[in-house]
Protein chains: 2
Amino acid sequence: MPGPGRPRAFDRDAALRTAMRLFWDRGYEAVSITDLTAAMGIGTRSLYTAFGSKEQLFREAVALYSSGSGTEGFCDLPTARETFESWLRDRADGYTRVDRPRGCMVVMAATNTSADNDAVRDLLAQMRNRDREMLTARLERAKRTGEVAEHVDARAVASFYLSLIYGMSTQAKDGYTAADLAAVVDTAITAWPHLVT
Amino acid sequence: MPGPGRPRAFDRDAALRTAMRLFWDRGYEAVSITDLTAAMGIGTRSLYTAFGSKEQLFREAVALYSSGSGTEGFCDLPTARETFESWLRDRADGYTRVDRPRGCMVVMAATNTSADNDAVRDLLAQMRNRDREMLTARLERAKRTGEVAEHVDARAVASFYLSLIYGMSTQAKDGYTAADLAAVVDTAITAWPHLVT
DNA sequence: TTATTTGTGCATCGAACGCTACACAATTAG
DNA sequence: CTAATTGTGTAGCGTTCGATGCACAAATAA
């Protein structure tokens with residue numbers, strides 16, 4: 001139900017998706033407004049009318065990205081091992097899709113920021129930190145059910161697997177194939193029983 | 001033995017070290033010439049006279065960085081396990097030093113680059129790739145000596161540990177303590193015997 | 001001395017940055 | 001219809017980007 005006013009002449013969702021791809025591929029500061037408007041097929045003014053600012057557009061792009069690849073869903077799987085294994089495999093696959101930018105947007109899109117844009121860097125850092133808490137909590141829960149031994153350092157094991165995830169983003173950007181990353185995940189999962197008992 | 005011409009009024013090595021710190025901390029594109037001259041305490045013209053261009057200065061900074069933290073040295077240790085363990089511990093320690101930028105310059109300093117600076121990104125990608133080849137070769141060597149079982153996928157195991165190294169850079173930037181990363185390394189080393197037999 | 005060479009400070013270049021003022025177009029509300 | 005509201009295109013804002021031209025300073029060489 002559109003109110004009064006001239007209707008938008010482009011598909012906002014499609015334009016946002018395009019912007020997300022660009023930010024995902026190059027990072028926040030490396031994508032210019034000109035890059036965005038060219039790829040989205042709209043004028044500068046339309047971008048600002050629809051999205052407010054470059055930073056707000058980026059925040060929306062990140063929200064769109066994470067809506068399609070949240071870590072929460074994996075935590076509901078019956079065992080911690082299933083949580084970690086399917087989460088790792090899903091990421092390894094997602095990072096090497098031919099139809100998408102490589103690696104993880106949350107890990108890669110704001111690593112090099114000038115002082116003006118620390119807020120953007122911090123946004124992604126907070127999202128990474130939430131994953132850390134989430135996965136640590138999942139392991140703590142597994143300790144209560146007995147799946148994971150009492151003496152295990154849940155935070156250390158969660159950090160260990162997170163480190164792999166972060167690293168696989170760099171590797172995906174470096175051209176590692178889906179099979180390469182799958183082999184990394186296989187190796188990581190081989191270690192699981194020896195880390196939780 | 002200085003030739004003719006006015007002598008340089010600043011310490012070139014110290015200035016290069018300062019530039020390295022800046023690039024290491026913020027990344028290539030996020031550091032401006034103004035940032036550099038301010039931190040180095042020299043004028044724009046002196047920077048260009050001494051270093052040529054921003055890209056050449058960056059390349060020198062990377063060379064200085066890698067001269068102090070090459071992976072080669074670890075490969076000479078008697079066993080592959082020592083190579084990987086001391087290499088991991090050295091990195092985990094180096095990424096969390098209070099007197100240095102966090103994380104690894106080669107991993108973090110050129111992840112977000114606009115199309116103009118792909119050469120800089122590729123420079124670091126090549127250095128990462130050399131490490132991959134070096135560590136894979138070290139494991140192949142260990143297979144010949146019998147330390148590592150024949151059936152082991154050397155490339156996969158090397159990639160697995162490299163992924164951890166890359167990930168620890170992100171974690172160091174996220175504020176993980178030296179103890180946090182040491183725990184990640186402990187976890188990774190716990191897995192070693194189960195990955196090579 | 002004079003010629004040559006190299007470094008420095010100042011002023012600034014053209015280009016790109018994120019962003020916006022303004023006039024106008026296109027819609028709904030009354 | 002008119003009024004109100006919102007989107008679009010052009011043209012350009014002020015700033016910063018990496019890099020330079022030029023006059024001068026400070027050294028060596030002859």
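Throughout, a chain's letter reflects where its sequence line sits, starting with A, and its residues are numbered from 1.
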Among D:dT8, C:dC17, C:dT8, the one nearest any side-chain atom of B:Phe10 is C:dT8

What is the distance, rounded to the nearest whole Å, between atom CG of B:Asp116 and atom P of D:dA19?
-> 11 Å

To the nearest angstrom, how far is A:Glu29 atom CD from C:dC19 atom P?
-> 12 Å

Expressed in angstrom and rounded to an integer, what is the separation of B:Ile42 atom CD1 from C:dT8 atom P?
-> 7 Å

Rounded to whole Å, CG of A:Asn117 lies from P of C:dG18 at a distance of 9 Å

Should the pair B:Arg144-B:Glu140 be classified as a salt bridge under the 4.0 Å nitrogen-to-oxygen rule?
-> no

Does the side chain of A:Ser159 come under 3.5 Å of the side chain of B:Gln171 through a donor N or O and an acceptor N or O?
-> no

Are B:Lys54 and B:Phe23 in a cation-pi contact, defined as NZ or CZ under 6.0 Å from the six-membered ring centre and within 45° of the axis?
-> no

Judged by nearest nucleotide, the residue sitting upstream toward the 5' end of DNA chain D, B:Arg6 or B:Tyr28, is B:Tyr28

Please give, in whole Å, the distance from D:dT10 P to A:Ile33 CD1?
-> 18 Å

Parallel, tilted or perpendicular: which describes the rings of B:Tyr28 and B:Phe58, with under 30° parallel and over 60° perpendicular?
-> perpendicular

Going by an N to O cut-off under 4.0 Å, is there a salt bridge joining A:Glu133 and A:Arg130?
-> no

Once the angle between the rings of B:Tyr65 and B:Trp24 is folded into 0 to 90°, is it parallel (under 30°), tilted (30 to 60°) or perpendicular (over 60°)?
-> perpendicular

Would you mind telling me which residue lines up with the more 5' stretch of DNA chain D, B:Pro4 or B:Asp35, judged by nearest nucleotide?
-> B:Asp35

Residues from residues 44-61 of chain B lying under 4.0 Å of DNA chain C - heavy atoms = B:Arg45, B:Ser46, B:Thr49

Respond yes when some side-chain nitrogen or oxygen of B:Ser32 is under 4.0 Å from OP1 or OP2 of D:dC17, and no when none is.
-> yes

